[in-house]
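These values consider heavy atoms only, across backbone and side chains, with no hydrogens, waters or symmetry-generated copies. Chain naming here is simple, since letters A, B, ... match the order of the sequence lines and numbering starts at 1 in each.
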There are 2 protein chains.
Amino acid sequence: MTAPRRRRQPRQERSRATVERIVAAGRAVLIERGTEGLTTNHVAAAAGISPGSLYQYFGDKEAILDEVVTRYSDELEERVTGAFVATVAVRDPTEAVRRIVLALVDALAEHPALLRAVAQRMPRAGDDRRAAFARRVDALLTSTLVARSGGATRYPAGTVAWLVVRTVESLAVGFVLEDPPLGREEFADEVTALVLGYLARVLDPAP
Amino acid sequence: MTAPRRRRQPRQERSRATVERIVAAGRAVLIERGTEGLTTNHVAAAAGISPGSLYQYFGDKEAILDEVVTRYSDELEERVTGAFVATVAVRDPTEAVRRIVLALVDALAEHPALLRAVAQRMPRAGDDRRAAFARRVDALLTSTLVARSGGATRYPAGTVAWLVVRTVESLAVGFVLEDPPLGREEFADEVTALVLGYLARVLDPAP
DNA sequence: TGCTGATACGAGTTCCTGCTCGCTTTCAAC
DNA sequence: GTTGAAAGCGAGCAGGAACTCGTATCAGCA
């Protein structure tokens, strides 16, 4: 049996605030000290709380990290989704893709340290969170593709979406975390060219 | 002062073999138990050696991991370079790119566990190894691009190489580590289409 | 106001890690 | 055969991590 992720449901307002403080502290420690420096004592100290209190609400250290990552993922997803939505009215595909790419880059660039910490966790096999996240974005893109192309695709849209999403994601992450040889605008232009070049080739019924 | 990476130069044949056993054991433990399970005791046990003997040749645990990662990187680089070389004679760009992609995927797929362990280390900021590796592949691609295009590029070849290399690399890693919705051959075709679509668009002097 | 369960505390327990050091064994050179 | 440096050993040390538990405080209610 694994430890319970949550020990107690906070009932009073006070304890709900404590949970928030713990999560915020976890995020802060992750940003300041990285994955290595994320110890329960550090988190407790940063939250202005005793180590024991952590375990009132979280089964173990991992559960805290999980919560932090989940919220961060949700935040990112919200912004990306927002960019998609804000873009449905944009006729020009180039402009649409460009905007989405920029939204992603900007979202990621807000907390490079957090992104780095999360990226380190990402490649885990059984990580449902990342998989679920990617799948939702896949679905988003898939439906967009189908809508824009009128359903006339040579390949299953899911496959195309998988490639495009991972391409854009990893390029954006790389752009934020490494020091790339191009600027933000230029990056967006290039990625847009990359994506559209591929989509044009793949979506057109007649190659 | 940081610990010395190597303590003693092995003089006798016996000790040189010990170093090899340590590195091999480190690799094996990394594959079997992942980054978490890579403890000095485990490595020593796997090498059939006492913990103390590790420190005759390696300054600390990190130095062992470094050596394992270095050798793995070298191995990968060699195979990728080999694919590039074996491909210079191939006229058809589609076929050339396809072969290189397949070589990369196959190389990565040989030890998914090792790849996962290494990928986890990768996103570290100050990691020179990965940066150096990527830079060498960049250079390789850059020169290939310049050679094939006759020097007539709209963009600095280095920028193009950065994008292409990171795209292919991360797609290949994703293909091996996640469970992707396409097979090996199909994957190679799609990545080739993606890359060539971009290169065609970017390299042609007249769009 | 006094009672009760929820909340918070934090020193302490347990465990396991990386690493050391004094000793023993091996072996090449003389 | 002798010898001394190289190689190897492995119990054990120091440290720090995650986590516990007996105690104290607090908020809301009769």
Q: To the nearest Å, give me how far apart CZ (B/R21) and C1' (D/dG8) are.
A: 11 Å
**Q.** Protein-nucleotide distance (B/Y57, atom OH; C/dG18, atom C1'), rounded to Å
**A.** 19 Å
(Q) Which heavy atom of B/V68 sits nearest to which heavy atom of B/L30, and what is that distance? (A) CG1-CD2, 4.3 Å
**Q.** Ion pair check, A/D138 and A/R166, cut-off under 4.0 Å
**A.** yes
Can you give each donor-acceptor pair under 3.5 Å made by side-chain atoms of residues 20-28 of chain A, sequence neighbours left out, with the distance rounded to 0.1 Å?
from, atom 1, to, atom 2, distance (Å)
A/E20, OE1, A/R71, NH1, 2.9
A/E20, OE2, A/R71, NH2, 3.1
A/R21, NE, A/A47, O, 2.8
A/R21, NH2, A/A47, O, 3.4
A/R27, NH1, A/E75, OE1, 3.3
A/R27, NH2, A/H111, NE2, 3.3

Are any protein N/O atoms closer than 3.5 Å to N/O atoms in nucleotides 10-14 of chain D? If there are, list each pair with its distance.
from, atom 1, to, atom 2, distance (Å)
D/dG10, N7, B/S50, OG, 2.5

Q.
In whole Å, I'd like the distance from the CD atom of A/E20 to the P atom of C/dA8.
A. 13 Å
Q. What is the distance, rounded to the nearest whole Å, between atom CG of B/L54 and atom P of C/dT17?
A. 14 Å
Q: For A/D60 and D/dT20, give me the distance from atom CG to atom P, rounded to whole Å.
A: 9 Å
Q.
Between P on C/dT17 and NZ on B/K61, what's the gap in Å once rounded to a whole number?
A. 9 Å
Q: Please step through side-chain contact (heavy atoms from CB on, under 4.5 Å) for the pair B/V191 and B/F175, ending with a clear verdict.
A: CA-CA 11 Å; B/V191 175; B/F175 178 78; over 6 Å; no
Q: Could you tell me whether the phosphate oxygens of C/dA8, OP1 or OP2, come under 4.0 Å of any side-chain nitrogen or oxygen in A/T18?
A: yes
Q. Contact class for A/I49 (heavy atom, under 4.0 Å): base, sugar-phosphate, or nothing?
A. sugar-phosphate
Q: Look at the side chain of B/T40 and decide which nucleotide, out of D/dC19, C/dG18, C/dT7, has an atom nearest to it.
A: C/dG18
Q: Look at all strands and tell whether B/T39 reaches a base, only sugar-phosphate, or nothing, counting heavy atoms closer than 4.0 Å.
A: sugar-phosphate
Q) What is the distance from NE2 of A/H42 to P of D/dC19, rounded to the nearest Å? A) 16 Å
Q) In terms of side-chain geometry, is the basic nitrogen of B/D92 or B/R98 positioned less than 4.0 Å from the acidic oxygen of its partner? A) no
Q.
Of the options C/dG18, D/dG8, D/dT20, whose atoms approach the side-chain atoms of B/Q56 most closely?
A. D/dG8
Q: Run the salt-bridge test on A/E110 and A/R79 with the 4.0 Å N-O cut-off and return the result as yes or no.
A: yes
Q: List the steps, then state whether side-chain contact (heavy atoms from CB on, under 4.5 Å) holds for B/I64 with B/Y57.
A: CA-CA 9 Å; B/I64 300 174; B/Y57 306 103; over 6 Å; no
Q: Using a 4.0 Å heavy-atom cut-off across all strands, classify B/I64 as base, sugar-phosphate, or nothing.
A: nothing
Q) Atom OH of B/Y55 and atom C1' of C/dT17: how far apart are they, to the nearest Å? A) 9 Å
